[in-house]
Amino acid sequence: GCGQAPTTEKPGSDGGDKPAASDFQTCIVSDMGGFDDKSFNQLSFEGAEKAADEIGVKLKDAQSNAETEYAPNVTNMVDEGCNAIVTVGFALSAATVDAANANPDTDFILIDDAGGDAKPDNLKPLLYNTAEAAFLAGYLSAGYSQTGKVGTFGGMEFPTVTIFMDGFKQGVDYFNQENGESVAVVGWDGKTGSFTGGFEANQDAKTVATNIIDQGVDVLFPVGGPIYQSGLQAIKDSGKDIALIGADADLFNTDPTTADFVLTSVMKEMDVSTYEAVMAAANGEFSGDPYIGTLENEGVGIAPLHNFESKVDADLMAQVDQIKQDIIDGKITVKSYLD
Amino acid sequence: MSVQTLQAEPRTIAVVSWKTPIILGVITVAVALLPLLAPRVGDSTFRFAAGSEILAVPDLTFPGTPAAWIGVLIGAAITVVAALRIASHRRVPLWLIALYAVALIFGFLSWAAAGSTGTLPMISLLSGALALATPLIFGALGGVIGERAGVVNIAIEAQLLAGAFCAAIVASITGTPWAGLIAAMVAGLLVALVLGVFAITYHVDQVIVGVVLNVLVIGITSFLFRQVLAPNQATLNTVEPFKRISIPVLSEIPVLGPILFRQTVIVYLMYVIVFVVWYGMYRTRWGLRMRAVGEHPQAADTVGINVLRTRYMNVLIAGAIAGMGGAFYTLVSVPRFNSEMTAGAGFIALAAVIFGKWDPIKATLAALLFGFATNLQSVLSVIGSPVPSQFMLMLPYIVTIFAVAGVVGRSRPPAADGQPYIKS
Amino acid sequence: MTAQTPAPVTPRTHDVPEPSRWREAWMRVASGNALVSLLAVVAAVIVGSILIALTDRDVQAAAGYFFQRPGDTFSAVGSAVGGAYAALFRGSIYNFNANSFAIGIRPLTETLKFATPLIAAGLGVGLAFRAGLFNIGGQGQMLMAAAAAGYVATAWDLPFPLHMVAALVAGVIAGAIWGGIAGILKARTGAHEVIVTIMLNHIAFYLLAWMLATQGVLQAPGSNNPKTAPMAGSAVLPQILGPMYKLHLGFLFALIAVAITWWLLERSSLGFRFRAVGENPAAARTAGISVGRMYFLVMVIAGALVGLAGISQALGTEPNGFGGGIDAGIGFDAITVALLGRSRPVGILFAGLLFGAFKTGGFTMQASQGIPIEIVLVVQSLIVLFIAAPPLVRAMFGIPQPGRPSRRQRRAAKRRTDTTEGQEVSA
Amino acid sequence: MKLELRGITKRFGALTANDHIDLVVEPGEIHSLLGENGAGKSTLMNVLYGLYQADEGQILIDDVVQHFDGPGDAMNAGIGMVHQHFMLVPVFTVAENVMLGHETTSFGGRLDLAAARRQVTEISDRFGFDVNPDAVVEDLPVGVQQRVEIIKALSRHARILVFDEPTAVLTPQETDELMATMRRLKEQGTAIVFITHKLREVREVADRITVIRLGKVVGEAEPTASNTELASLMVGRAVELTVQKGAPAYSGNALVVEGLTVTDAAGAVLVDDVSFEVRGGEVLAVAGVQGNGQTELTEALMGLQEKVRGSVRLNGQELVGRSVRHILDAGVGFVPEDRGVDGLVKEFSIAENLMLDRSGGAPFVKAGALQLGLLDEFAREKITEFDIRTQGPSQPAGRLSGGNQQKVVLARELSRDLSLFVAAQPTRGVDVGSIEFIHKRIIETRDAGVPVVLISTELDEVAALADRILVMYRGRIVGIVPGDTPREQLGLMMAGAVSEGAQA
Ligand SMILES: Nc1ncnc2c1ncn2[C@@H]1O[C@H](COP(=O)(O)OP(=O)(O)OP(=O)(O)O)[C@@H](O)[C@H]1O
Ligand SMILES: Nc1ncnc2c1ncn2[C@@H]1O[C@H](COP(=O)(O)OP(=O)(O)OP(=O)(O)O)[C@@H](O)[C@H]1O
Ligand SMILES: [Mg+2]
Ligand SMILES: [Mg+2]
């Protein structure tokens, strides 16, 4: 109860003499994961928020709890006078395309989907070929593994999820091929695999992780928002020395409790690309051309090893770097649904 | 007039119900179709060791498809035996059905695991089932107690969720999961109190109150999660979870030890509570009065039992127990709260209450069956199953429907379940 | 024998002191349902306000120096709460910021759009309730209906009204089948419908997930996303107020469903039997009504009604294609709607409209005020609770309880007995 | 102990159920309360037992004013009650029921069942009851259940005992035994209040009689008063206690039952190889103690039992294996034993209840739609014809008094063209005035040439209506005897005694 009252008026109430950019209202709509998913909603939010701060407006956000809420949330943002609206997730594609068609003066930034064949010009898709980055993580894991088994599992069988698992598997296979080894991937065989059936971090997800750990893996790669928490918990419970790989963000930074476990993270730099897209819009440089994050443009990548620096062979890291270059140069092709 | 009295005792005619052999037959045929239509090559390995026992049981390896056929044949043989017993007007003993279940599960697993590089970890299959079942068991016990006292508890989901929520906050603030556990009980109890006020005092339809409480608690926890918890993740929503404790000696028992006695304290508490509730319900004054007010509240009233107070007390106890189940989510499974993280478990627990015929032990078994089916699909998908993941994920729900429709059938709730007691 | 002659039958109503006319009028209003319902809404809104105020950042900031400038706190509370409910109104009824009436009224049409599936599914749940069954299976029934309608609408090629009708029929049948499974299991094996419908929800969810992930079933051709292709234009429910408003034909179907369900329950022989089974299955059976068949039929019809909700979602609200979450939790919301509407079709209509308004307004509240939409769940559920417990509401607002003597009368009565007792004891 | 009630008044809303009632019961006295349905007897006793709070008046025990907040207080004051509807938990054992509410427990709240068993055995030995403490109550015959109620009261050392209609469901033998028990209790100084509708019993056992009508004490009577005197005092008008009935005039219709056997789900035989015939124009009464298969017999006739063997032919048409609907359509009218459970949908209006068994077709359903106008008209007609005391056809049936509820069921069943009429306990709990009316209607039905099967545990009723009497014991026919067989012989037969020449 007895803090110090502010002596100045609240910022923002002093109105009209700011530069024009400050009127550029930025907004964002999440999918059902919510903005605190430690994953792509959260990253996009951070990117948009950074842009909004820089522009000098308060970011408006709406969280969707159901499929039918996407369209109203997007429409409401238009009604709230938003100039740029970021919509997160392939699920919002239809709603976003609709709204973009209906509101040609508003800029839309759609994450994780191309927006279909008849994409309007005021819609910019941001896509990420995470398979490339996951390939590196797969190679790294295979080289790191002592037991000859690495594991992965997903939330639900969505392409944005399986693209990670696919790349990961290809990376492991490439390692086997190059080094004449036979490291196995548990939880994904390229077609089917282990899924928790949802994106809740709960006992169901933890049990899946435990079952994978039980097969003797020493690297675990959970793909799908918060379910890495279940993976981490399962690792801790097993008492074994198992490394965790993060998806989307660098877990080492977003969730410090993972610091001792996270080997690396397969990053989708959504914060950066969202920020850039919004800033471009604010500066009147918006273009509807799709952005595809790759290793080359650093839209995807793997995180530094942090605490695992000492545990990973320098030689192996050198190979990973070389592979990264080979992928960029097109010497190695990584298959994904985006092809 | 000569008088003679009809002395004979009433007769009994054995009833012939072919339901059991028919269902056994149907399941046998269904499982037999798998190796028949989709034969798989390779061995299946069953692992019975957790990895750290002193006396480890060695792995067992069978050729997959033949082993599957052996399971099916044993199942078929038991089906025939069951049919013969029924034909000669004898009962099919429970152990025979249990044996049948084991044989067919063995057959199914052998088929599914054939040729896989992985092994079937029997220990983690069962201990995972136990973990999955734990919150359901707490929830189901809460349901059983409430309904035995005559108050339908649809609000199990709400109690679990509130428990998980409060456990996370309090454990984060205090830094000890024990405080979180107590907070979870209090949270469950508070939800139960609202249920009590509306259902017992104000005679509102208990189904209405339960359904609405679920919505209310989902709303409040999600609202507070986003407004309060998410911005203060580090201070309010980061839990130091309960650690696993291996009980000396007991945890070294082959197979069972690692399953039952390398668990967290909440699971041990569950063992105790299941026993206490069962014992209390049938052997103590508390249980006698609880069942009396649930079966015939007026009869209880006429012998001087305060029906309303008894119902309140039991509803509150039920809420506290269900709340404890909620704590499992945030103090054991994952060390933080996420909105709607119970994901419908309360409804599964409700199903376990009915499935278990309002009996604490049977409801526990029902929850365990559900946990087992869930983990079975998970293990199979990990070792590589030919079935699409979505169909695997359906397994526990299909198993439950079969069990309820085929084995359990009609279940009779306590006579006064759901009826408010109104005195003049 | 010391018998008296039998006394003539006399009315045994005891006399109550004649109340004043003013009092009488007040009592009539106070004992009426309308006032209590209104107050229930008010009470729920107040609780919602408290939550909003307590968690509002500006309010928290101002409360930090409450003792220096309490006015800041109050004005912050006022603007937080006022802003929230203004947005709720603006988003659900009429947008007073709009330039024209045509745009201003759009929120109301959105409300009707969101009410559509709530009404249809509410009818399905309510109908089953009337026959004594608790249909928690709305989610599964909606999903299966949406899947079937979506399949017909994407895979078939037919001209306009025919295609729409075909998709509609397919969806209704799918919903009916999914409901009917629970009904027939209940009738044949006694399996409790609560268990079966819960399990069928999950099964439907994964079944749809598989369909959406499988080319040639429901997944949009050439896509990898678990989503259908857009519905064919010839199968989409047309927008009934023109392209400006998203309100679609589904709303009319929902109104028709209300009328049909009302007729079915109140005026038809089948509905009579449903109700008889719901109130007293033993007596119904003795009177020659096949209880099992009624369970089956009512679940079929309930499933069909809930299916209508799924269809309205798939063909009307999301014609651009849908995913696995097309039910949007309406299967569960429908239970609350049915309960609030007391399982009466007209009641369900109004409850559905109210909840539709809350839902629609919630989006605006979230978008413009940053208040999580979950607050709407809180307010909605409190409304149902309070409406179900009139004595509680009366107690909260200090209104006299009907059928119970007012405090003054009670005091008078107590005085009377006290004095008689006193006399007796002294005697 | 001496009991005194002074000026007890109890109101339910606008209805005054007890109106300044005074009553004194001395120790060692059996005091009988008489009154028609709804007179307020049970209400008065519920006030005495602390279940209801009196609006006015006082309860005195040994001249000390008492305050009962609940039955617990009343029991502690030495009052015990055997309720009209037994207050036993059906799924509990006898011992559990007896101990409920005053359990002795050992360590940790563990129930001391051994002590409870001992207590049951001790009291049952003292009064010559044959009660197994471990039997589950719902499996026991009603007579035994009633003894359990008495044991319950005595185990709490009751010195004032209230019996509310204890004999409604007992055999004559059981009734005699109960009378003997009451006398023994009285000798030990217990004060007893005894409520019954059966005047004979009153005269046999009561020391004093108080008559209540419309909530007021209307008089006192000596046990020497005649039935007619007592009846008119109760009802407030002269009542014909005997039914006028001529010799049967047989018609062509006939019900032929052969080798009928009914088992329950577990295979226990409830009706054991029963064969009989009823001709049109005669009443066959099935007598027996409740629970000897009569209920199941009627349900088997109606197609309500699942496991039935044998044959039931009505005018040559086989009914076994047919649906209830089919049997109703074949012209069978049925008054179920438990009207509240099987006969009426209490939440439904009177009109709706009147069409309950014709919900599928004509005359009240046309093209799937209810014909509400027609139904309303019909209901008004029946309300007048059967003298149903109600505010109108739309009143919920559950709001009617027991006797009037029974009339609704009768009105429904007797308004179709019948080829068989099966009535189970048509007058249970119904007062003298309504009995008179119901009996008259049953005889009218018989005289119209319909075969009538009447199930009754009430020997007076059997004697009044039956042309022939079939006595059942443990699911079997003990004998079929003429309608004028003496009640002593019937009583013996109901206890399973086979007499010679029993086939009439
Ligand atoms: N709980 C109650 N609420 C309202 N009215 C009641 C209640 N209990 C009894 N009554 C009414 O009080 C009156 C007296 O009922 P009571 O049960 O005392 O009659 P009774 O003399 O025992 O009749 P019976 O011979 O049928 O047992 C009846 O008219 C009944 O309708
Ligand atoms: N809670 C109640 N509210 C209103 N009326 C009641 C209530 N309880 C009982 N009654 C009334 O009590 C009357 C029945 O009383 P009672 O139980 O004495 O009937 P009865 O003739 O003894 O019937 P039965 O023998 O079948 O019990 C009916 O008029 C019924 O409307
Ligand atoms: Mg009575
Ligand atoms: Mg009575």
Side-chain angles (χ1 to χ4, degrees), chain B residues 19 154 194 197-199 201-205 207-209 211-228 231 339 344 347-348 350-355 366 370 388-411 413, chain C residues 51-52 54-57 129 134 136 181-182 185-186 188-192 194-214 329 332-333 335-336 338-340 370-385 387-392 395:
Chain B
K19 190 162 142 184
I154 308 257
V194 179
V197 167
F198 281 93
T201 304
Y202 288 107
H203 314 305
V204 180
D205 185 306
V207 172
I208 300 189
V209 189
V211 168
V212 171
L213 274 180
N214 287 336
V215 181
L216 181 66
V217 171
I218 287 177
I220 293 181
T221 54
S222 302
F223 178 83
L224 292 178
F225 173 70
R226 280 177 59 192
Q227 291 291 79
V228 183
S339 49
F347 289 99
I348 305 286
L350 181 66
V353 172
I354 301 170
F355 192 176
F370 189 86
S389 72
Q390 294 91 353
F391 287 98
M392 293 304 301
L393 287 163
M394 280 179 211
L395 184 73
Y397 308 101
I398 293 177
V399 167
T400 306
I401 289 189
F402 267 98
V404 169
V407 185
V408 180
R410 255 161 267 276
S411 35
Chain C
L51 266 181
I52 291 172
L54 283 182
T55 56
D56 187 85
R57 310 246 158 89
F129 262 131
F134 188 17
I136 319 192
I181 294 175
L185 287 178
K186 168 104 185 172
R188 282 286 155 83
T189 70
H192 202 294
V194 166
I195 305 186
V196 175
T197 50
I198 291 173
M199 299 300 145
L200 284 175
N201 283 343
H202 290 92
I203 293 174
F205 176 79
Y206 290 119
L207 192 59
L208 179 61
W210 173 80
M211 290 170 160
L212 289 169
T214 309
F332 289 93
D333 292 347
I335 301 172
T336 331
L339 294 173
L340 181 59
I371 294 167
I373 196 164
E374 284 88 359
I375 193 73
V376 166
L377 290 182
V378 176
V379 175
Q380 277 177 356
S381 39
L382 288 175
I383 289 177
V384 180
L385 274 186
I387 283 187
L392 178 66

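Quick note: numbers below take in every heavy atom, side chains included, and nothing from hydrogens, waters or symmetry partners.
- Using a 4.5 Å cut-off between heavy atoms, V211(B) touches chain C through its side chain atoms alone.
- L224(B) touches chain C through its side chain: at least one heavy atom from C-beta onward sits under 4.5 Å away, while N, CA, C and O do not.
- Put simply, the side chain of I387(C) reaches to within 4.5 Å of the side chain of L340(C), judged on heavy atoms.
- Both the backbone and the side chain of L207(C) come within less than 4.5 Å of a heavy atom of chain B.
- Of the listed residues A389(C), G329(C), A213(C), the one with more heavy-atom pairs under 4.5 angstrom with chain B than any other is A389(C).
- The greatest number of non-hydrogen atom pairs below 4.5 Å with chain C, out of F391(B), F223(B), F198(B), is found for F223(B).
- In this structure the side chain of I348(B) reaches within 4.5 angstrom of the side chain of H202(C), judged on heavy atoms.
- Looking at heavy atoms from C-beta onward, N201(C) lies in side-chain contact with F332(C) at the 4.5 angstrom threshold.
- Across every non-hydrogen atom of Q227(B) and G370(C), the tightest pair is OE1-O, 4.2 Å.
- Using a 4.5 Å heavy-atom threshold, the side chains of V204(B) and L392(C) count as separate.
- Contact annotation for F205(C): neither backbone nor side-chain heavy atoms come within less than 4.5 Å of a heavy atom of chain B.
- For V194(C), the part sitting under 4.5 Å from any heavy atom of chain B is the side chain, from C-beta outward, and nothing else.
- Note that OG1 of T336(C) is 11.5 Å distant from CD1 of I383(C), once rounded to the nearest 0.5 Å.
- Looking only at side-chain heavy atoms (C-beta outward), L216(B) and L377(C) stay at 4.5 Å or farther from each other.
- Only the side chain of L185(C) comes within contact range of chain B, with heavy atoms under 4.5 Å apart.
- Each salt bridge (Lys or Arg N to Asp or Glu O under 4.0 Å) pair with one or both residues in residues 376-385 of chain C, not counting sequence neighbours, would appear here, but there are none.
- Contacts of F347(B) with chain C are made by both backbone and side-chain atoms, with heavy-atom separations under 4.5 Å.
- Using a 4.5 Å cut-off between heavy atoms, A338(C) makes no contact with chain B at all.
- Between I198(C) and Y397(B) there is no side-chain heavy-atom pair separated by less than 4.5 Å.
- Heavy-atom pairs under 4.5 Å with chain B were tallied for I195(C), V196(C), V376(C); the largest tally goes to I195(C).
- If you tally non-hydrogen atom pairs under 4.5 Å between each of T201(B), V207(B), V228(B) and chain C, the highest count goes to V207(B).
- Note: I375(C) leads I371(C), L200(C), I375(C), I373(C) in heavy-atom pairs under 4.5 Å with chain B.
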